[in-house]
Amino acid sequence: MTTRETKGAAETVDGGGVQTVTVVDNRTGRTYELPITDGTIRAMDLRQIRVDDDDFGLMTYDPAFMNTASCRSGVTYLDGDRGVLRYRGYPIEQLAEHSSFLEVAYLLVHGDLPTRIELETWVEEITHHTYAHESIRRMIAEFPPDAHPMGILQAAVAGLGTVYPDAKDIDDEEGRHLQSVRLIAKMPTLGAYGYRHMRGLPVVEPRNRLSYSANFLAMMFAVGDPGFQPDPRIERALDVLFILHADHEQNCSTSAVRSVGSSQADPYASVSAGIGALYGPLHGGANEAVLRMLDRIGNVDRIPEFIAAVKERRELLMGFGHRVYKNYDPRARIIKTACDDVFAVTGVNPKLAIAQELERIALEDEFFVSRQLYPNVDFYSGLIYEALGIPPEMFTVLFAIGRTPGWVAQWREMLADPEQKISRPRQVYVGAGERDYKPVGAR
Ligand code: CMC
């Protein structure tokens, strides 16, 4: 196969051996043959393309990383055109049907499904690290009552780094394991503390006889009830939601975790940075924004007016669109089914009708079809959370709890990758040229 592009002067040669691309620098007439590996060229290979010895060399310019792979990863496979998502090779649909969140967490962190003994040990370990240090509980109590629980969670996770100074020893494999366990185990506790604080309720300590998801529900909702046991259908639905959020390759928050971790900061500082990134409404904060949008729309009759506002760019249809998926997000499909299971227990969330009608219209409307905008994971998840009695401010906290094993797995993979160094993008400087300082009175 040989393709030639005259304007870009790029040529791909496949002679059965190493694949290369030949680049002709039209400024100098020189040609360069660059190896292609896994469908990529190395940006550093462009540096040799220079006009003269003083030239720094060619760089790529890729704001928002639209077409740049920052790492090699074996954690999650995502084919956005076909709507495929796999963790460590296992289709998300199979994991959502047969697995548990902690088993998936093990899979992501360790690379393979656990044996029975490995799973039991892992669950035991996570269960016995659920308590949070008293200083962190006191810190949370000092936040104003209307503090957003994502802000509290971000601070609390960063605070864990002060409680576990041993976490700085990122080269110690045993230490990395311990911090991974602590992070996954304590996230629901910290999330629930934030919720209880918001509600002005005393905290409920972790209940180690319960499953991961049931314990979280107990820490959120138990009021003087030591025997609290959620409906198993609710417990399972929450577990599935956590599974669906567990990893999503190099998204904004995972990239933040990797980037901060690349400076050899401890994993609490790194995951705290990920929580900050997830907080934003274009990322994990979208689930909260969807509910607020459905509230504002109010009833099905007002949908055409809202869609018109989206098309006039006065609104975003929150929970729609994705940088990578140009097809139905497979997680959204599974969540739609989980809605039925939850609503069978809680009664149907009245906003479901608005969401379904929005989806129906959007999937037929040229504006959304031509831009390949489909529902993403956040479109229906909020409806379930709301039916469970969870307030919108907590939705992104649930996303963070689910995403923690993914952040941990990606952080560990980054540390083990000999090619990774401190993350440090280049820039194209477009500011002022050199100029002389003037004293303030002379400006
Ligand atoms: N509503 C209306 N128009 C949209 C939307 C939307 N939700 N999403 C994208 N578009 C339009 C956008 O205006 C652009 O149009 P044009 O080409 O005419 O300028 C086109 O579609 C391409 O969008 P983009 O903004 O260039 O795409 P992106 O890859 O930079 O952004 C996104 C991806 C998820 C930030 C964006 O789709 C969005 O803002 N969606 C709403 C927020 C949301 O639901 N976020 C959750 C993402 S999934 C959970 C997660 O992993 O975080």
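Start at 1 and go down the list; that is how both ligands and their atoms are numbered.
The line from CZ of R296 to CE of M293 is 8.0 Å long, rounded to the nearest 0.5 Å.
D295 and K351 are joined by a salt bridge, as a carboxylate oxygen and a charged side-chain nitrogen come within less than 4.0 angstrom of each other. Note on D266 versus K168: salt bridge recorded, some NZ/NE/NH1/NH2 to OD/OE distance being below 4.0 Å.
The only option from Y328, F379, F367, Y374 that meets the ring-ring contact (aromatic ring centres under 6.0 Å, His included) definition with F320 turns out to be F379.
With Y325 as the aromatic partner, R323 does not meet the cation-pi criteria of under 6.0 angstrom to the ring centre and within 45 degrees of the ring axis.
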Just list the N/O pairs, ligand 1 to protein, that are under 3.5 Å apart, with the distance for each.
residue  : atom   : partner : partner atom : Å
ligand 1 : 1 (N)  : L317    : N            : 3.0
ligand 1 : 7 (N)  : L317    : O            : 2.7
ligand 1 : 7 (N)  : F320    : O            : 2.9
ligand 1 : 13 (O) : R313    : NH1          : 2.9
ligand 1 : 15 (O) : R313    : NH1          : 3.4
ligand 1 : 15 (O) : R371    : NE           : 3.2
ligand 1 : 18 (O) : R313    : NH2          : 2.6
ligand 1 : 18 (O) : R371    : NE           : 3.0
ligand 1 : 18 (O) : R371    : NH2          : 3.0
ligand 1 : 29 (O) : R323    : NE           : 2.7
ligand 1 : 30 (O) : R323    : NH2          : 3.0
ligand 1 : 40 (N) : F320    : O            : 2.9
ligand 1 : 44 (O) : G319    : N            : 2.8
ligand 1 : 44 (O) : N376    : ND2          : 2.9
ligand 1 : 45 (N) : L282    : O            : 2.9
ligand 1 : 52 (O) : H283    : ND1          : 2.4

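By the side-chain contact (heavy atoms from CB on, under 4.5 Å) test, Y77 pairs with D79, R82, V84, R86, sequence neighbours left out.
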